[in-house]
Asker: 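Starting off with a structure, shown below.
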Number of protein chains: 2
Amino acid sequence: MARRKQAVTIKHVAAEAGVSLQTVSRVINNEASVRPEMKVRVQSAIDKLGYVPSIAAQRMSGSRSYIILALNDRDRTIADWRARQGTDWVDQMLLGGMLSCAENGYRLIIELVDTHNDHVERELAAAIAALQPDGVILTPPHSDNPLITGLLAKRQIPFARIGSRSTGDGIALTMDDEGAAQQATQHLLALGHRSIGFIAGPADYQLSGWRGHGRSRDEHGRPACHG
Amino acid sequence: MARRKQAVTIKHVAAEAGVSLQTVSRVINNEASVRPEMKVRVQSAIDKLGYVPSIAAQRMSGSRSYIILALNDRDRTIADWRARQGTDWVDQMLLGGMLSCAENGYRLIIELVDTHNDHVERELAAAIAALQPDGVILTPPHSDNPLITGLLAKRQIPFARIGSRSTGDGIALTMDDEGAAQQATQHLLALGHRSIGFIAGPADYQLSGWRGHGRSRDEHGRPACHG
DNA sequence: CTGTTAGCGCCTTCAC
DNA sequence: GTGAAGGCGCTAACAG
């Protein structure tokens with residue numbers, strides 16, 4: 001199997017438009033300092049060639065990875081899957097988060113993690129090292145796992161905690177509706193557009209209790225989302 | 001937000017083990033030509049430092065991306081999500097595929113695509129250019145879309161067609177059980193470990209009809225999976 | 001505002 | 001069997 005290279009690269013676009021790689025890059029990243037006419041010229045070249053930047057390359061050059069990591073409890077996920085009753089996690093959160101990501105040019109990658117295992121940190125660290133996500137989303141029972149939130153905080157990776165009310169690092173939001181994940185993702189995206197984490201998990205932990213309160217607010221009377 | 005670099009790289013491992021980067025790389029990729037003792041030394045250095053290769057970097061240097069792309073029908077997915085009845089796609093296929101991927105060090109990324117739209121090709125091409133997946137998995141109604149299979153075949157990207165019996169490029173397999181996706185993924189992985197594609201979609205197309213046949217075989221009397 | 005230079009982390013090709 | 005050099009595609013510094 002031949003080594004697969006990118007079909008059309010930024011280089012081709014630059015040649016086609018008769019500008020430097022940098023200018024193309026600037027257009028891609030929608031930077032201000034580009035003359036409108038240049039922008040148009042480059043853009044048309046991009047369209048003509050059907051160019052799409054490689055996220056791997058983008059990430060390699062120190063830019064964003066355009067990847068959001070979502071952590072989900074493994075055992076539970078597998079059990080649900082076997083029982084074919086996994087109407088839980090995916091439909092409520094992952095899909096919502098996925099849609100938000102897609103709308104923003106991001107990709108959501110779901111990672112299954114063993115909670116009741118002291119490997120959690122290692123697993124998380126490995127996933128982060130491999131994927132280098134711009135953000136992470138946590139779901140129960142990971143949302144309040146200090147080992148996880150601590151690691152994320154230390155690495156300065158933006159993350160959201162779904163189904164958690166406790167204050168602390170990261171954005172905490174209760175699942176007051178099916179839009180929670182979407183909300184979470186967008187918050188992360190809005191934050192710094194970098195390192196967003198998402199740990200998705202079954203909603204029958206602390207979460208379930210709050211659910212009875214319906215669309216209630218948090219203890220401060222504000223919508224269920226703390227900064 | 002500071003430019004995020006990889007914490008521990010192959011370079012650190014090499015230094016720690018007192019060998020060249022190359023040797024470390026060889027150990028990572030499990031290549032034969034490495035003396036057992038060297039292998040052990042390097043491996044322990046890897047463990048000690050908690051090193052995990054960056055898939056972005058791996059992909060950049062012409063290696064695998066360790067990413068499998070799964071295509072799913074967008075509208076349908078969103079509709080299901082809104083109606084909260086999406087017990088369909090994820091639990092049956094995606095989760096299975098996800099598990100298989102995880103077991104093999106791969107990641108499954110789900111991409112929502114508009115089927116009844118002539119943008120399909122563009123969308124697929126864009127996703128491929130951005131992600132550069134090692135393989136793709138197609139699900140109804142994409143499994144038999146010639147625009148999709150054609151593009152994949154032309155680019156020589158291995159792919160599986162779930163819920164499709166028609167012969168042609170790629171691996172076709174019917175969903176004779178909840179293990180279909182898992183099966184599909186493993187086939188792709190087994191293939192050439194490169195470019196695996198997966199287009200997941202609701203199971204109410206041609207698929208539904210076959211389902212009545214239960215775990216039946218295909219018209220050739222073989223298990224429901226053609227090469 | 002635009003072009004040039006350097007380098008990200010890793011793997012491939014070629015020497016030793 | 002191992003090391004050294006080169007480059008993948010892209011962007012972040014610096015010039016001009």
Asker: Show the nearest heavy-atom pair for residues A:N72 and A:I110, with the distance to one decimal.
Answerer: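 Scanning both residues, the minimum pair turns out to be CB-CG2, 4.2 Å.
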Asker: Rounded to whole angstroms, how far apart are CE on B:M60 and C1' on D:dC10?
Answerer: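 Computing the B:M60:CE to D:dC10:C1' distance gives 7 Å.
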Asker: Are any side-chain N or O atoms of B:N104 and backbone N or O atoms of B:Y106, one a donor and one an acceptor, separated by less than 3.5 Å?
Answerer: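 Absent.
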Asker: For the residue pair B:L112 and B:E123, what are the closest heavy atoms and their distance?
Answerer: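 Answer, listing the atom of B:L112 first, then B:E123: O-OE1, 3.8 Å.
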Asker: Is the backbone of B:R59 close enough, under 3.5 Å, to the side chain of B:S65 for a donor and an acceptor to pair up by distance?
Answerer: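 Not a single qualifying donor-acceptor pair exists.
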Asker: Take the protein atom CZ of A:R59 and the nucleotide atom P of D:dT11, then report the distance between them rounded to whole Å.
Answerer: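 One finds 12 Å between P of D:dT11 and CZ of A:R59, rounded.
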Asker: I need the CD1-P distance between B:I10 and D:dA4, as an integer number of Å.
Answerer: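 After rounding, the reported distance stands at 14 Å.
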Asker: Nearest whole Å is fine: how far is C:dA6 P from A:L21 CG?
Answerer: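 In whole Å, C:dA6 P lies 15 Å from A:L21 CG.
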Asker: What integer distance in Å separates A:Q58:CD from C:dC8:C1'?
Answerer: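 Between C1' of C:dC8 and CD of A:Q58: 14 Å.
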Asker: What residues form a salt bridge (charged side-chain N to carboxylate O under 4.0 Å, His left out) with B:K39, not counting sequence neighbours?
Answerer: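 B:K39: no salt bridge (charged side-chain N to carboxylate O under 4.0 Å, His left out) contacts found.
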Asker: Output yes when a side-chain donor or acceptor of B:N29 lies under 3.5 Å from a complementary backbone atom of B:E31, and no otherwise.
Answerer: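 Absent.
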Asker: Could you pull out the closest heavy-atom pair between A:V19 and A:V24, with the gap in Å?
Answerer: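 What the structure gives for the nearest pair is CG2-CG2, 3.8 Å.
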Asker: Quick one: closest heavy-atom pair of B:T149 and B:S143, and the distance?
Answerer: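 Heavy atoms only, the tightest pair is CG2-O, 3.6 Å.
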Asker: Sequence neighbours excluded, which residues qualify as salt bridge (charged side-chain N to carboxylate O under 4.0 Å, His left out) partners of B:R41?
Answerer: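 Testing B:R41 for salt bridge (charged side-chain N to carboxylate O under 4.0 Å, His left out), a comparison that skips the adjacent residues, returns none.
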Asker: Please list, by residue number, the residues of residues 26-40 of chain A whose heavy atoms come closer than 4.0 Å to an atom of DNA chain C; answer none if no residue qualifies.
Answerer: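 Heavy-atom contacts with DNA chain C come from A:R26, A:S33, A:V34, A:R35, A:M38.
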Asker: Taking all non-hydrogen atoms of both residues, which atom of B:R107 and which atom of A:A127 are closest, and how far apart?
Answerer: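 Closest pair (atom of B:R107, atom of A:A127, distance): NH2-CA, 3.8 Å.
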Asker: Whole Å only: how far is the CZ atom of B:R41 from the C1' atom of D:dG1?
Answerer: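 About 13 Å, once rounded to whole Å.
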Asker: Report for the helix from C:dC1-D:dG16 to C:dC16-D:dG1: angle between first-end and last-end helix axes, five pairs each, rounded to 10 degrees.
Answerer: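 One end axis against the other gives 30°.
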Asker: Considering residues at least two apart in sequence or located in another chain, which fulfil the salt bridge (charged side-chain N to carboxylate O under 4.0 Å, His left out) criterion with B:K11?
Answerer: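 Salt bridge (charged side-chain N to carboxylate O under 4.0 Å, His left out) list for B:K11, sorted by chain: empty.
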Asker: Quickly work out the B:K11 NZ to C:dG7 P distance and round it to whole Å.
Answerer: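 For the pair B:K11 NZ and C:dG7 P, the rounded distance is 10 Å.
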Asker: Are B:S25 and C:dC11 close enough that a side-chain N or O sits under 4.0 Å from OP1 or OP2?
Answerer: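 Yes, because at least one side-chain N or O of B:S25 sits under 4.0 Å from OP1 or OP2 of C:dC11.
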Asker: Would you indicate, yes or no, if C:dG3 has its OP1 or OP2 atom less than 4.0 angstrom from a side-chain nitrogen or oxygen of A:S20?
Answerer: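 Checking A:S20 against C:dG3: at least one side-chain N or O falls below 4.0 Å of OP1 or OP2.
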Asker: Are OP1 or OP2 of C:dT12 and a side-chain N or O of B:S63 less than 4.0 angstrom apart?
Answerer: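 Negative; the distance criterion is not met.
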Asker: For B:Q132 and D:dC8, give me the distance from atom CD to atom P, rounded to whole Å.
Answerer: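 For the pair B:Q132 CD and D:dC8 P, the rounded distance is 13 Å.
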Asker: Can you pull out the residues from residues 43-54 of chain A that lie within a 4.0 Å heavy-atom distance of DNA chain D?
Answerer: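 Within residues 43-54 of chain A, the residues near DNA chain D are A:Y51, A:P53, A:S54.
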